[in-house]
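Down below is the structure, laid out as structure tokens.
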Number of protein chains: 2
Amino acid sequence: MSDPTSRDKLIRTASNLFRQKGYSGVGLSELLKEAGLPKGSLYYHFPNGKQELAEAATRWAGAWLERLLDTTFAQAESFDEGALMVCDAIASEVTSQPHVPACPVLSILQAAPLEPRLQITAQEVYGSWTKCIEKHAKRLGHPRPNDAAFSLHCKLQGAWIIAFAQQSNAPFAQLARTLDQKL
Amino acid sequence: MSDPTSRDKLIRTASNLFRQKGYSGVGLSELLKEAGLPKGSLYYHFPNGKQELAEAATRWAGAWLERLLDTTFAQAESFDEGALMVCDAIASEVTSQPHVPACPVLSILQAAPLEPRLQITAQEVYGSWTKCIEKHAKRLGHPRPNDAAFSLHCKLQGAWIIAFAQQSNAPFAQLARTLDQKL
DNA sequence: GCGCCATTGGACCGATTGGTCTATTGATTG
DNA sequence: CAATCAATAGACCAATCGGTCCAATGGCGC
């Protein structure tokens, strides 16, 4: 059939770069040079070009984070404990890289006015995360699963953005502390 | 001396556009056309071009939001009440415009790897907000002003991003609800 | 009315943008 | 071996990018 490593390489590289510089901040030439692939490969695997690649990269990274949320929460015995574990999990994932990457959705968010499909993608990926957290909130017997999931999602997003701005995982550490104090 | 309306017009227009499409998503020609000014004016008022304009626009909008935080919290009689009022205040400001704008700092955040000055700007503006909230937390007798300020800042940032993605103020309404329930 | 200078207007530049198109490669078939 | 076709390689394109530069403008002091 086809070589999965080439398409995969494009998605991974796109995800990395977009999460650092944003959709509009990354040029195709830069992306392809980083991936070590020619332009022909991009438009073979993604006929709609940059937008289609960005969507695929965001969904790919989005699914990865959803798995992280799901498996982490699965080990928790209470919602509060799960929230804390998720906070630590994201913090360590984010800091394991030389450059602290932004949330995958953030990369395409500001391109939404230009590319309507990306706005839909962003909403769907956000929705999948909230739903995943809500599922575990329900399972762990939280009285208001939906509100709890939304609240945690908000806090994580906020901490992630501040961490990205500071290029440090300190905000995640502080978020963990405030979660502990129920602030 | 000089006409303040021209420089001002550039800053306002830049702030609006950057908060919709991000720093890299806005071209100079588009910006100048929107402002109704020629290129000469931009480089007269901002010799360092786009980057300097973006920094000025972010600081300008940052100071505006700080005033909003300050005056809103000043009317509160408890930290929790202040947090709720601030949430509502931002929500109504954001929804009063045809396009829900992102947080001013977000516009330049993804350009930080390219323009180091903008990263410093982002950190300073974020810091000014947290400090402002912390000041009021202290005044209102909160036991942990710093953690409380950070936590509220996180929640607001998170809700703002989700509101931007959905182009709706519903996330602010839900945040207000979860604040009420101390989630 | 004249000269000065802050400001504007916009032509122009090389570099880069996202995208198209065709020639070529190379592994897999018959 | 020949034919096929998925996949790569990269030349090429018009459009736009951010930035430079200088001539024209216009209000104000003399």
So, OP1 or OP2 of [N]: does either fall under 4.0 Å of a side-chain N or O from [X]?
X: A/Tyr44; N: D/dT8; value: no
X: B/Ser29; N: D/dT16; value: no
X: A/His45; N: D/dT8; value: yes
X: B/Lys50; N: D/dG18; value: yes

Roughly how many Å is it from [atom1] in [X] to [atom2] in [N], rounded to a whole number?
X: B/Leu114; N: C/dT16; atom1: CG; atom2: C1'; value: 13 Å
X: A/Leu42; N: D/dT8; atom1: CG; atom2: C1'; value: 12 Å
X: B/Tyr43; N: C/dA6; atom1: OH; atom2: C1'; value: 20 Å
X: B/Glu115; N: D/dG18; atom1: CD; atom2: C1'; value: 10 Å
X: B/Leu31; N: C/dG10; atom1: CG; atom2: P; value: 17 Å
X: A/Leu32; N: D/dA11; atom1: CG; atom2: P; value: 14 Å
X: A/Glu52; N: C/dG19; atom1: CD; atom2: P; value: 11 Å
X: A/Leu37; N: D/dA6; atom1: CG; atom2: P; value: 19 Å

Contact class for A/Gly27 (heavy atom, under 4.0 Å): base, sugar-phosphate, or nothing?
sugar-phosphate
Under 4.0 Å between any heavy atoms, over every strand shown, what does A/Gly49 touch: base, sugar-phosphate, or nothing? Just pick one.
sugar-phosphate
Side-chain donor/acceptor of B/Lys39 to base of C/dG9, under 3.5 Å
no
Mutual orientation of the aromatic rings belonging to A/His136 and A/Phe73 [parallel < 30°, tilted 30-60°, perpendicular > 60°]:
parallel
If you draw a 6.0 Å radius around CZ in B/Arg177, do more than 12 non-hydrogen atoms from other residues or ligands fall strictly inside?
yes
A/Lys50 and A/Glu115 ion-paired at < 4.0 Å
no
Pairing of B/Glu124 and B/Arg59 as salt bridge, 4.0 angstrom limit
yes
Return the 5'-most residue of the pair B/Ser41, A/Glu30 with respect to DNA chain C, ranking by each residue's nearest nucleotide.
B/Ser41
Donor-acceptor contact present, side-chain A/Gln123 to main-chain B/Ala165, <3.5 Å
yes
